[in-house]
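Just so we're on the same page: letters track the sequence lines, and every chain starts at 1.
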Amino acid sequence: MLFQKIYNIVRFIPEGKVLTYKAIASHLGLKDIRLIGYALHGNPDTDNIPCHRVVKSDGSLAKGFAYGGPGIQKQLLQQENVNFDHEGKINLLKYLWEIPKEQSS
DNA sequence: CTTTTGACTGAGT
DNA sequence: AACTCAGCCAAAA
């Protein structure tokens with residue numbers, strides 16, 4: 001299942017790091033970026049899948065985030081020492097996690 | 001069983 | 001700059 005591959009990657013995002021929808025889709029060879037977000041929409045393992053560490057390609061947060069309410073995602077990231085700039089976006093050059101090849105299936 | 005739609009993005013109009 | 005279209009999976013209606 002494709003979703004499993006998505007979860008399998010998101011699940012390993014280390015603390016203080018983030019991943020973009022694009023990065024994940026690209027890693028899996030997908031063109032439809034929405035699948036990443038949609039996979040998280042039906043997030044089956046919220047305990048092991050840190051959906052708050054997945055952001056849009058420009059570093060801003062997904063608008064449809066509902067992990068406990070809008071704004072929660074930002075708080076969770078700040079708890080992990082992830083800084084937001086004046087636009088409320090993350091510095092991807094600094095926080096974007098490089099996906100190990102071993103994680104792909 | 002068929003249709004709709006959605007945590008996105010980049011190119012084309 | 002604002003809007004549309006394509007990409008093409010899975011769950012919900």
Can you check the [X] [atom1] to [N] [atom2] distance for me, whole Å?
{"X": "A:L30", "N": "B:dG6", "atom1": "CG", "atom2": "P", "result": "20 Å"}
{"X": "A:Y21", "N": "B:dG6", "atom1": "OH", "atom2": "C1'", "result": "11 Å"}
{"X": "A:N43", "N": "B:dG6", "atom1": "CG", "atom2": "C1'", "result": "15 Å"}
{"X": "A:I24", "N": "C:dC9", "atom1": "CD1", "atom2": "P", "result": "17 Å"}
{"X": "A:K5", "N": "C:dA10", "atom1": "NZ", "atom2": "P", "result": "10 Å"}
{"X": "A:L40", "N": "C:dA10", "atom1": "CG", "atom2": "P", "result": "14 Å"}
{"X": "A:I6", "N": "B:dG6", "atom1": "CD1", "atom2": "P", "result": "18 Å"}
{"X": "A:I36", "N": "B:dT5", "atom1": "CD1", "atom2": "P", "result": "22 Å"}

Practice problem: Under 4.0 Å between any heavy atoms, over every strand shown, what does A:L2 touch: base, sugar-phosphate, or nothing? Just pick one. | Solution: sugar-phosphate

Quiz item: Taking side chain as C-beta onward, heavy atoms only, is A:L19 less than 4.5 Å from A:H27?
Solution: no

Quiz prompt | Test item: A:R53 and A:V10 side chains (from C-beta on) under 4.5 Å apart, heavy atoms | solution = no

Self-check item: Position toward the 5' end of DNA chain C (nearest nucleotide), A:R34 or A:M1
Solution: A:R34

Exercise. Please check the phosphate of B:dG10 (OP1 and OP2 only) for any side-chain N or O of A:K22 closer than 4.0 Å.
Key: yes

Quiz item: For the side-chain contact (heavy atoms from CB on, under 4.5 Å) test, which of A:V54, A:L30, A:I13 pairs with A:I24?
Solution: A:V54

